[in-house]
Peer 1: 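The following block contains the structure, expressed as structure tokens.
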There are 2 protein chains.
Amino acid sequence: MNVSALEEYGLRCAVRLAQARQNPDKNSLSAPEIAELEGLSVEYVSKFMLHLKRAGLVNASRGVNGGFSLAREPSEVSLASVFEALGGKRKSSEEFCSSYAGRSESCVRLDGCSIRPFWKILSGYIDEFTREMTLQDLLKGEQETLLKTEEIARRNVDQIREQIRAERLGKQVT
Amino acid sequence: MNVSALEEYGLRCAVRLAQARQNPDKNSLSAPEIAELEGLSVEYVSKFMLHLKRAGLVNASRGVNGGFSLAREPSEVSLASVFEALGGKRKSSEEFCSSYAGRSESCVRLDGCSIRPFWKILSGYIDEFTREMTLQDLLKGEQETLLKTEEIARRNVDQIREQIRAERLGKQVT
DNA sequence: TTGAATCCAGACAAAAAAGTATTGTTTCTC
DNA sequence: GAGAAACAATACTTTTTTGTCTGGATTCAA
């Protein structure tokens with residue numbers, strides 16, 4: 001349940017590009033520039049950028065004045081899409097169960113699992129969070145980030161309430 | 001941002017012990033028994049249990065009728081304490097920044113970081129979640145888990161609002 | 001047209017996490 | 001007391017993640 005290096009560094013690079021985009025003179029950054037800004041090696045940064053490019057999030061141009069630029073508006077780039085582009089896809093509930101099946105064919109706990117509901121809620125919140133947040137949101141500063149966060153958290157509570165209601169109805173029918 | 005094997009399997013083993021505790025005849029389980037129940041190797045389970053024991057969460061007894069039993073009431077064992085015992089401690093905000101410093105001495109973004117507030121909120125929610133949830137909660141079933149979840153989520157919203165308010169006041173003073 | 005700066009791609013190396021194997025110690029039962 | 005069943009501890013192997021290195025290919029400018 002920790003942030004991976006991929007997620008952290010990749011997101012930082014994306015944010016740099018989002019910032020650069022707001023610069024009227026020069027809205028692209030080269031790998032060496034990003035590396036310098038972030039204190040990372042050029043090779044490492046290049047690796048991230050390649051992934052982002054393949055996913056269509058970033059445009060690249062070669063040559064002496066080349067570099068990378070964000071392909072879309074920062075407000076149109078969710079953090080989830082960045083993470084996905086980087087290859088560090090989060091496991092869905094099903095993938096999760098099958099990947100932690102231990103030695104058995106499928107998870108021993110498929111019915112009556114007491115842990116899954118817990119992970120599911122937590123995981124759902126994280127997904128919601130990363131899907132709703134965009135590069136633009138991050139650029140706006142802490143105060144704005146907090147406001148957006150509150151909105152997401154509030155909606156999350158509503159969703160949980162909805163689930164509780166649904167569960168209750170299901171119970172009554174049975 | 002994925003659950004580690006340590007967290008998943010370790011928690012499962014702890015839940016098994018919490019279940020066993022409710023059994024009046026036999027409130028302990030041996031490593032082979034847990035391994036069988038969870039579809040894991042005995043050696044692997046033993047490794048988890050050793051950690052849980054060292055952290056004082058679990059009592060162990062050797063010999064032919066030996067095994068492990070939960071040292072406290074399931075309602076007194078938070079998921080956070082289980083995870084911590086297993087060694088997979090979550091990074092605090094400070095640890096986080098220093099561990100992803102790249103090649104520099106400290107993180108390049110220490111002031112005016114646009115990403116930290118985001119991770120901080122998300123991380124705070126996860127921490128809150130794992131601290132509040134206990135083994136007892138997991139045993140109660142999905143419906144109860146959801147109710148507790150809603151409570152935590154609601155409190156989370158309040159905390160965010162509090163932060164927003166504090167931030168606003170801070171801004172005004174400056 | 002030559003060279004420098006850049007992206008592109010995959011192989012490679014190092015470190016961490018996941019999982020196994022081995023050897024020993026304790027406890028119970030017969 | 002001997003043997004079986006269990007925990008204890010650590011070393012070892014495998015896999016995944018993290019990060020580097022190397023050898024291109026493309027573009028621009030002098």
Side-chain angles (χ1 to χ4, degrees), chain A residues 1-13 17 26 28-36 38-55 57-69 71 83 86-91 99-104, chain B residues 1-13 17 20 26 28-36 38-69 71 83 86-91 99-104:
Chain A
M1 220 58 190
N2 264 315
V3 176
S4 71
L6 211 68
E7 291 169 327
E8 168 67 11
Y9 292 142
L11 179 55
R12 286 197 206 168
C13 294
L17 288 186
K26 177 170 176 294
S28 79
L29 285 173
S30 69
E33 284 170 331
I34 300 175
E36 170 67 21
E38 290 297 339
L40 300 172
S41 77
V42 177
E43 295 80 9
Y44 203 15
V45 169
S46 300
K47 197 172 182 174
F48 293 134
M49 300 316 290
L50 188 60
H51 285 289
L52 295 178
K53 190 213 157 190
R54 281 180 177 159
L57 287 182
V58 149
N59 293 324
S61 71
R62 301 201 204 191
V64 71
N65 284 320
F68 300 94
S69 62
F83 294 151
L86 290 165
K89 54 193 164 193
R90 285 187 32 71
K91 283 171 184 151
S99 75
Y100 288 122
R103 289 179 154 177
S104 323
Chain B
M1 219 60 190
N2 265 315
V3 176
S4 70
L6 213 68
E7 291 170 327
E8 168 68 11
Y9 293 141
L11 179 55
R12 286 196 206 169
C13 294
L17 287 186
K26 176 171 176 294
S28 78
L29 285 173
S30 70
E33 283 171 331
I34 299 175
E36 170 68 21
E38 290 297 340
L40 301 171
S41 78
V42 176
E43 295 81 8
Y44 203 15
V45 169
S46 300
K47 197 172 181 174
F48 294 134
M49 301 316 290
L50 188 60
H51 285 289
L52 294 179
K53 190 212 157 191
R54 281 180 177 159
L57 287 182
V58 149
N59 293 324
S61 72
R62 300 203 205 191
V64 71
N65 284 321
F68 301 94
S69 61
F83 294 151
L86 290 165
K89 54 194 164 192
R90 284 186 33 73
K91 283 171 184 150
S99 76
Y100 287 122
R103 289 179 152 176
S104 322

Peer 1: Do L11(A) and E7(A) come within less than 4.5 Å of each other through their side chains, counting heavy atoms only?
Peer 2: no
Peer 1: Heavy atoms from C-beta onward define the side chain here; which of dT29(C), dG19(C), dC7(D) lies closest to that of K47(B)?
Peer 2: dG19(C)
Peer 1: Which nucleotide wins on minimum distance to the side chain of F68(A), given the candidates dG19(C), dC7(C), dA21(C)?
Peer 2: dC7(C)
Peer 1: Which distance, rounded to the nearest 0.5 Å, do you find between the CG of L17(B) and the CZ of R12(B)?
Peer 2: 14.5 Å
Peer 1: Starting at CG of L50(B) and ending at C1' of dA21(C), how long is that distance when rounded to a whole Å?
Peer 2: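 These atoms are roughly 16 Å apart.
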Peer 1: Take the protein atom CD of E43(A) and the nucleotide atom P of dA9(C), then report the distance between them rounded to whole Å.
Peer 2: 16 Å
Peer 1: Between dT18(D), dA11(D), dC7(C), spot the one nearest the side chain of S4(A), thanks.
Peer 2: dT18(D)
Peer 1: Could you work out which one of dT18(D), dC7(D), dT22(C) sits closest to the side chain of A5(A)?
Peer 2: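 In terms of side-chain proximity for A5(A), the closest of dT18(D), dC7(D), dT22(C) is dT18(D).
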Peer 1: Should the pair Y9(A) and F48(A) be assigned to parallel (<30°), tilted (30 to 60°) or perpendicular (>60°) ring geometry?
Peer 2: tilted
Peer 1: Starting from C1' on dA4(C), measure out to CG on N65(A) and report it in whole angstrom.
Peer 2: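 Whole-Å distance recorded here is 11 Å.
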Peer 1: In whole angstroms, how far is the P atom of dT16(D) from the CG atom of N2(B)?
Peer 2: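 After rounding, the gap between these two atoms is 14 Å.
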Peer 1: Counting only distance, no hydrogens or angles, is the base of dA8(D) paired donor-acceptor with the side chain of R62(B) under 3.5 Å?
Peer 2: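 Answer no: no donor N or O sits under 3.5 Å from an acceptor.
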Peer 1: Quick check: on DNA chain D, is the nucleotide nearest S41(A) upstream (toward 5') of the one nearest P32(B), or the reverse? Name the residue that is more 5'.
Peer 2: P32(B)
Peer 1: So does Y44(A) get a side-chain nitrogen or oxygen closer than 4.0 Å to the phosphate oxygens (OP1/OP2) of dT20(D)?
Peer 2: no
Peer 1: Look at the side chain of V64(A) and decide which nucleotide, out of dC21(D), dA5(C), dT29(C), has an atom nearest to it.
Peer 2: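 Of dC21(D), dA5(C), dT29(C), dA5(C) is nearest to the side chain of V64(A).
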Peer 1: Could you go through L6(B) and F83(B), starting from their C-alpha distance and side-chain angles, then the distance that decides it, and tell me whether this counts as side-chain contact (heavy atoms from CB on, under 4.5 Å)?
Peer 2: CA-CA 8 Å; L6(B) 213 68; F83(B) 294 151; over 6 Å; no
Peer 1: Atom CZ of R12(A) to atom C1' of dG19(D): distance rounded to whole Å?
Peer 2: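 R12(A) atom CZ is separated from dG19(D) atom C1' by 15 Å.
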Peer 1: Hey, does Y100(A) reach any base, or is it just sugar-phosphate, or nothing, if we go heavy atoms under 4.0 Å?
Peer 2: nothing
Peer 1: Rounded to the Å, how far apart are F48(A) CZ and dT17(D) P?
Peer 2: 14 Å
Peer 1: Nearest nucleotide by nearest heavy atom, which residue falls closer to the 5' end of DNA chain D, G63(A) or K53(B)?
Peer 2: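 Result of the comparison: K53(B).
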Peer 1: Out of dA29(D), dT20(C), dA6(D), which has the shortest distance to the side chain of S30(B)?
Peer 2: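 Selected nucleotide: dA6(D).
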Peer 1: Residues two or more places apart in sequence or in another chain: which of them pass salt bridge (Lys or Arg N to Asp or Glu O under 4.0 Å) with K26(B)?
Peer 2: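 Listed in chain order: E33(B).
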Peer 1: Looking only at side-chain N and O atoms, does R54(B) come under 4.0 Å of OP1 or OP2 in dA9(D)?
Peer 2: yes
Peer 1: Provide, to the nearest angstrom, the distance between the CD atom belonging to E33(A) and the P atom belonging to dA5(C).
Peer 2: 13 Å
Peer 1: Give the rounded distance in Å between these two atoms: OH of Y9(B) and P of dA18(C).
Peer 2: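 Going from OH in Y9(B) over to P in dA18(C) covers 10 Å.
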